[in-house]
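Notes follow once the structure below has been shown.
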Amino acid sequence: MNPEKFAATEAIKQLKARYFRYMDTKQWDKLKAVFTADLVADFREGPGDLCHGRDVYLDMLIGAIGEATTVHHGHTPEITLLSDGTAAGIWAMYDIVDHPQFLLEGWGHYHEKYRTDSDGNWRIAELRLTRLKLNFSDKKSPR
Amino acid sequence: MNPEKFAATEAIKQLKARYFRYMDTKQWDKLKAVFTADLVADFREGPGDLCHGRDVYLDMLIGAIGEATTVHHGHTPEITLLSDGTAAGIWAMYDIVDHPQFLLEGWGHYHEKYRTDSDGNWRIAELRLTRLKLNFSDKKSPR
Amino acid sequence: MNPEKFAATEAIKQLKARYFRYMDTKQWDKLKAVFTADLVADFREGPGDLCHGRDVYLDMLIGAIGEATTVHHGHTPEITLLSDGTAAGIWAMYDIVDHPQFLLEGWGHYHEKYRTDSDGNWRIAELRLTRLKLNFSDKKSPR
């Protein structure tokens, strides 16, 4: 494993770190820049949709969590550099969505693909969330 | 620190990532391959047993969590490569065992030793779990 | 990115790992050694104070959590080596303070600066905690 590969692995870890941080601090423009324009994001185990395109995904996301306090944490990345200059990754994850109307707490894994842009910076090109466990409570329920 | 040492450190991090992922997705055959045959696993602060041998440990594990939804997360690894070609590691951890009969939520540290097999792949040879905090609730309790 | 930079990045990750571990296992003398003497620690979003000096911070800390069971976890470090031989870092975090009088559970980010000491070992020189979410319950409240 040569220094270029270490640099790529660390760069992808920090890319995902920014994904989490920009999402939870609602820095939507900076969040947009972590994705390729043709992002495919599959949150059907989510809750969420299958989104084709970064703009479609961001519209879905901001509609879903724009009013919520959120926490998204990623753990124990398994980054694999592929022969064609792309990369794959799996991350264990935990999230909270504390929305005015509901509280969601979930655990699962992100399965991802990464690609460099014209400036050589890594971006998230594909993202699929699988779930181990999902707790949901409706704040509007009668008590 | 030379490139070989970086590669070993990253390989051990990904080894432990697979340990977590194969356990929580119940891929028992793949989980088996992350351990040496002579694994010593000490879960006496667990809850669990002191197990000598990978097969003894896996029998104990599958009996304990085979029917449960589980989440195991590892954080902030402290990997140390030792002079004899082995390695030591400490991981902060969190786990959930959501079993039909009980719910367990715990925090602590894994204290581990690693060794390469005949193919040069790192495996977990020793594993001891210490606990900071353990929440247990019996689902059969009268409400 | 050269091997020296990888070694520094990994050393800072392990420095922060010891910060978490020594705090939660109450190894105060070892915890002291992860900081510079002129540490600036800002826990005003905490709960906590703005502390100038490692000794002031440790007095505050031990007073606040000495009697509590605590868990502090750090995630997805963004470590940046700066041109002047110092470094900056951002860590996602989660903590529990289970005190005889209250239970606190929080999520946020550490924003940090690091500096090497006269032996070339990295230490935490500045630390500021921002919060996404903080749950607090008073154990003395009437039920």
Side-chain angles (χ1 to χ4, degrees), chain B residues 1-17 20-21 24 42 45-46 71-82 87-97 103-112 114 122 127-137 143, chain C residues 1-27 30-31 33-34 65 67-79 81 89-100 103-107 110 112 120-122 124 137:
Chain B
M1 204 183 193
N2 59 44
E4 285 72 29
K5 290 191 174 174
F6 286 115
T9 299
E10 181 66 20
I12 290 167
K13 291 178 184 175
Q14 293 205 18
L15 171 77
K16 188 67 179 172
F20 289 121
R21 184 163 58 87
D24 290 337
D42 183 351
E45 288 191 27
V71 176
H72 291 80
H73 284 168
H75 310 306
T76 48
E78 299 174 64
I79 308 297
T80 307
L81 302 174
L82 302 175
I90 304 172
W91 291 78
M93 63 83 68
Y94 167 69
D95 63 342
I96 298 173
V97 179
L103 179 65
L104 178 152
E105 192 180 28
W107 297 262
H109 294 93
Y110 292 100
H111 305 261
E112 304 189 322
Y114 312 98
W122 288 97
L127 185 161
R128 182 169 59 88
L129 179 60
T130 56
R131 288 294 196 181
L132 292 169
K133 183 173 167 66
L134 200 56
N135 295 339
F136 181 90
S137 58
R143 310 255 164 148
Chain C
M1 205 183 193
N2 60 43
E4 285 71 31
K5 289 191 175 176
F6 286 115
T9 299
E10 180 66 21
I12 290 167
K13 290 178 184 175
Q14 293 205 18
L15 171 76
K16 189 66 178 172
R18 292 195 303 277
Y19 163 87
F20 289 121
R21 185 164 57 87
Y22 292 152
M23 182 177 296
D24 290 337
T25 56
K26 302 187 192 304
Q27 300 187 63
K30 289 183 179 178
L31 179 61
V34 310
I65 70 168
E67 291 179 81
T69 296
T70 66
V71 175
H72 291 80
H73 284 169
H75 311 306
T76 48
E78 299 174 64
I79 308 296
L81 302 174
I90 304 173
W91 292 78
M93 63 82 68
Y94 167 69
D95 63 342
I96 299 172
V97 178
D98 188 354
H99 188 276
L103 178 65
L104 179 153
E105 192 180 28
W107 296 262
Y110 292 100
E112 304 189 321
N121 296 313
W122 288 96
I124 300 172
S137 58

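What you are looking at is a predicted structure, and each value in this text was computed from that prediction instead of being measured. Letters A, B, ... are given to chains in the order of the sequence lines, protein chains preceding strands, and every chain is numbered from 1. Values below: every heavy atom of this structure, side chains too, minus hydrogens, waters and symmetry copies.
- Comparing C:Asp24, C:Thr25, C:Ile96 by heavy-atom pairs within less than 4.5 Å of chain B, the highest count is held by C:Ile96.
- Residues passing the side-chain contact (heavy atoms from CB on, under 4.5 Å) test with C:Thr69 are B:Lys133, C:Asp98, sequence neighbours excluded.
- Residues C:Tyr94 and B:His75 are not in side-chain contact: their nearest non-hydrogen atoms beyond the backbone lie 4.5 Å or more apart.
- A heavy-atom distance below 4.5 Å is found between the side chains of C:Trp91 and B:Thr76.
- In terms of heavy-atom proximity, C:Thr70 sits nearest to B:Leu132 at O-CD1, 3.8 Å.
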**Message:** With salt bridge (charged side-chain N to carboxylate O under 4.0 Å, His left out) as the criterion, how do B:Lys13 and C:Glu10 come out once you've worked through the C-alpha distance, each side chain's angles and the decisive distance to 0.1 Å?
**Reply:** CA-CA 12 Å; B:Lys13 291 178 184 175; C:Glu10 180 66 21; 2.8 Å; yes

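- B:Glu78 places a side-chain heavy atom less than 4.5 Å from the side chain of C:Arg21.
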